[in-house]
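Reading through the structure tokens given below for one structure.
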Amino acid sequence: MKDGYDVIIIGGGITGAGTARDCAMRGLKVLLIERNDIATGATGRNHGLLHSGARYAVTDRESAAECIRENLILKRIARNCVEDTSGLFISLPEDDLAYQATFVQSCLAAGIDARIIDPKEALTMEPSVNPELTGAVVVPDGSVDPFRLCLANVIDAKARGAEVLVYHEVVDVLQENGRVIGVRVLDKVHGEVKDCYGSVTVNAGGIWGHHIASLAGVNVGMFPAKGALLIFAHRVAKLVLNRCRKPANADILVPGDTVSIIGTTSTRIPYEECDDVRVTPDEVDLLLREGALLSPSLSSTRILRAYAGVRPLVASGDDPTGRSISRGIVCIDHEVRDGLKDFITITGGKLMTYRLMAEQATDAVCARLGISARCTTAEVHLPGSEIGGLEETARKIWEVPTTVQKAAVGRAGSRASQIELDSDEGQGIICECEEVSYGEIASAVDHLDVRTLTDLRRRTRFGMGTCQGELCGFRAAGVLAMKTGNASSARKDLRDFMNERWKGMFPIAWGETLREAAFTQWVSKEVLGLEDNGI
Amino acid sequence: MIHNEHIRSSNFEECIKCTICTEFCPVIEVNPLFPGPKQAGPDGERFRLKNSFFFDENLKYCMNCKRCETACPSGVKIADIIHSARMDYGTVIPHLRERILAGTDVMGTLARPFAPIVNAVAGSKAGKTVMDKVLGIDHRRSFPKYAGHGFIGWFKKEKASIQDSFPSQVAFFHGCSVEYQHPEVGKAFVEVLNAVGVGVRLMDEKCCGVAMISNAMWPQARRNAIHNLKEFRKAGLPVVTTSSTCTLTLRDEYPNILALRNDDVREDIVIVEKFLSDMLDEGDIKLVFRPDYKAKVAYHVPCHMEKLGWSIFTRRLLEMVPGLELTVLDPGCCGIAGTYGFKKENYQYAQAIGQPLFDEIRAEDPEYVVSECETCKWQIEMSTGYKVVNPIVLLYEALDLDKTREANMR
């Protein structure tokens, strides 16, 4: 074997990031390769629901049991990435209340603490829930910030020696005598091609793992199912709201950070469309109609954006909706299945079970390498989670934290102590809606593999608030250009960033969102001089 | 339409982040601790909804001047959002100082019989030191003087019996300051209205509650509001006022802060300048001014008059006065904001906020300043030495009451 890495992991989504962390924790020399930025695929395009497993309890007990185990682990090791909001499964007059008993029974059997409560009590717990509810069950659902969770895994992997290449696309899987020995990658920023060698290569490409596998000459049949979601501008509900019925469209409302997210739809799409999914007017209508049944106030709450992701399910059977497919984890050692050595595909599963997926993939890697180190990812805190929850962490770092410091802790957790947030400069606000400070922006640019404003957004939440980048885009562009010394591409980057913001606003561009967009366009073009379709 | 227009409860989402509110905030300019209306209001609201830990105690520096709301092109009730946050998450408990400052009617009732003594003590160095050290009321602050005889007593004795003889009637919400400190404003009101043929009735009113609202005594404010609304409904007459702050409180703070519906009476609650101006427009009344009246005055528009959007009516009346040299002062807050400027921790900010106004008054050097708000009066008189009068008092002095009475005989 040529000099190289113990393991090359393809895909900087949550599965790849988690696998990189696990491998690094077990002492392996790791290379993580991502063709875009981290968390750009399905990882960053979902509900951000910290499943209790209740949703799958009736249809897929195994997944449900996995979910609740991982749910409890994440609440412990990723405290700045998840929020223990608790959740309700409500029955409405049009739902069969008899389903509730089956549901609770299945939950309990899967180890999920589900408790039937009086509808009146549900209204007290969550005043925004549809008051016509006829039944309610409390479950330990929560919310998870997938960008933050993915980032925490990458940060920890790097701290443990892993190397990370973003904007590097795998263009070939290198083989020798029936073994995979590495990958050929294209550095998309500099346009250079180079070869990287590893003892084992892990395909963690999510839906794009289909393509990676084909580069290796093996087949992993993926089942692309588009899911559309809407982001509402503030927290409408404190709890996660679900419908207590067989899983269907748009029946989950999640309070995520400062916003609320309703979803999803499920539409089978051809594999070729995975790179450019768009939300249709019909999907928007459906999400609004069904969402208002969970919480009627959604129909009078401002919508920030619409977006869609592609579920990376492994194809099986011919169910056209994709909902009856097991969300189970698929870990393929291609030597066993295809006779191709040192190549492992980890797929299926979901955000919730990423840690378990990483554990299984790392176990397979270690088995090939003859390493017996035990998995400790369920016990060791992710970076940011070390001290405790938001309030505890903020007060530990600063006796009397300012609003900006609190907001930083809300995102970075205990990592906020490493960010310059004491000076006036550090506390200067770049993004007003999300209270993102100069300190956070500067720290992300310096330490977190940021190339573009959109990367910076994923690291910090800047530009993700009510105004969608109206002024902060310009401010952050200034910081990024200053820090990287690369002012020439800043204008294009800013335009790309603004256009990406508009892409999400377009499907729901009416009312206040349209006013905001028109105002943003005026500010961008007429005041700040961003030409050429600045918005 | 699946998705409705926005409703009141999510009014903060109508903010399009233009930041004009922050430009107009008098507090943020002088006090860096205050996050400013946009951040404290619509931006902060999203964080408070996420977690109450994001509530910022510095919201207490908001004066509720409502200049942010006046400026907002999107109609966001910024000051109300900030105030509601203080109600929902604030930890400030009203102590003795707050109770004294907010208890405008109780304190007035207690103090008036001893007015000379109370005024002397409150005005003395020793009295001010005690109030500063014990209560936290800044020693540099001058207290308004209590009048020895109140407005209501005068009205009952001198005027009540003839009011039914007028062809139309209004209910006068005189407010605490007219009863306890400035009965001359009430007297001027009655004389002017009677002269144009309008009778005046008093109600069993309680303090509008604005000082209670500002001092975290919301349950008490709510009790007063419920009582007052009942009185307004019982009277079934236009409710006319002389104080801009009472007016704003009765019309807007009742529904928006205290969550009391007043839409059945809200449109009937008007300040006297608007009332007279409307009557003039309708051709219902005539005003005859004294030919020999001469004065140079400067008009300071109180913040709450700006919010009501009614300063135009006062200007219109003042501009009718022959012999009046009128300057309208630049828009700007005087800094006192009711009881805000009395508090030791706010004194320096209150004075800094008012400074441009004080400078302008000195530069104009009028005979006196005109303003509809009693606390603006206290602040300007204390800070500049210029006397401040309510516009109704100026009208009373400028009108030829006999000729006006004749002109309005029907």
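The chains referred to below are lettered A, B, ... by the order of the sequence lines, with proteins before strands, and numbering in each begins at 1.
B/C18 touches chain A through backbone and side chain together, each having a heavy atom under 4.5 Å away. Only the side chain of A/E470 has a heavy atom closer than 4.5 Å to any heavy atom of chain B. With a threshold of 4.5 angstrom between heavy atoms, A/I429 approaches chain B through side-chain atoms but not through N, CA, C or O. Interface remark: B/N51 contributes side-chain atoms only to the contact with chain A (heavy atom separation under 4.5 Å). Looking at B/P32, neither its backbone nor its side chain comes within 4.5 Å of chain A, counting heavy atoms on both sides. In this structure, chain B has a heavy atom under 4.5 Å from the side chain of A/E83, while its backbone stays farther away. In this structure, the portion of A/A394 lying under 4.5 Å from any heavy atom of chain B is its side chain and not its backbone.
No cation-pi contact links B/K17 to A/F519, judged by a cut-off of 6.0 Å to the six-membered ring centre and 45° from its axis.
Within 6.0 Å of atom CG in B/D88, more than 12 heavy atoms from other residues, nucleotides or ligands are found, so the atom counts as buried in its surroundings. Residue-environment remark: NZ (A/K75) exceeds the threshold of 12 foreign heavy atoms within 6.0 Å. For B/F24, the CZ atom sits in a loose shell: 12 or fewer heavy atoms of surrounding residues, nucleotides or ligands are nearer than 6.0 Å. More than 12 heavy atoms of other residues, nucleotides or ligands sit less than 6.0 Å from atom CD of B/Q355. No more than 12 heavy atoms of other residues, nucleotides or ligands sit less than 6.0 Å from atom CD of A/E399.
How far OG of A/S300 is from CG of B/N11: 12.0 Å, rounded to the nearest 0.5 Å. To the nearest 0.5 Å, atom NZ of residue A/K406 and atom CG of residue B/D56 are 6.0 Å apart. In this structure, OG1 on A/T402 lies 11.0 Å from CG on B/L33, to the nearest 0.5 angstrom. With rounding to the nearest 0.5 angstrom, the OG1 atom of A/T520 is 7.5 Å from the CD1 atom of B/I16.
Looking only at side-chain heavy atoms (C-beta outward), A/H234 and B/E13 come within less than 4.5 Å of each other.
When all heavy atoms are compared, the tightest approach of A/R515 to B/S74 is NH2-OG, 2.8 Å. In terms of heavy atoms, B/F47 sits closest to A/E435 at CE1-CG, 3.7 Å.
Of all residues spanning residues 35-45 of chain B, those with a heavy atom less than 4.5 Å away from chain A's heavy atoms are B/K38, B/Q39, B/D43, arranged by number.
With sequence neighbours left out, the salt bridge (Lys or Arg N to Asp or Glu O under 4.0 Å) criterion links B/K50 to A/D257.
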B/F54 and A/L390: CA distance, side-chain angles, deciding distance, side chain to side chain contact (heavy atoms under 4.5 Å, CB included) verdict: CA-CA 10 Å; B/F54 286 101; A/L390 164 65; 3.7 Å; yes
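The existence of a salt bridge linking A/E434 and B/R46 is confirmed by a sub-4.0 Å separation between a basic side-chain nitrogen and an acidic carboxylate oxygen.
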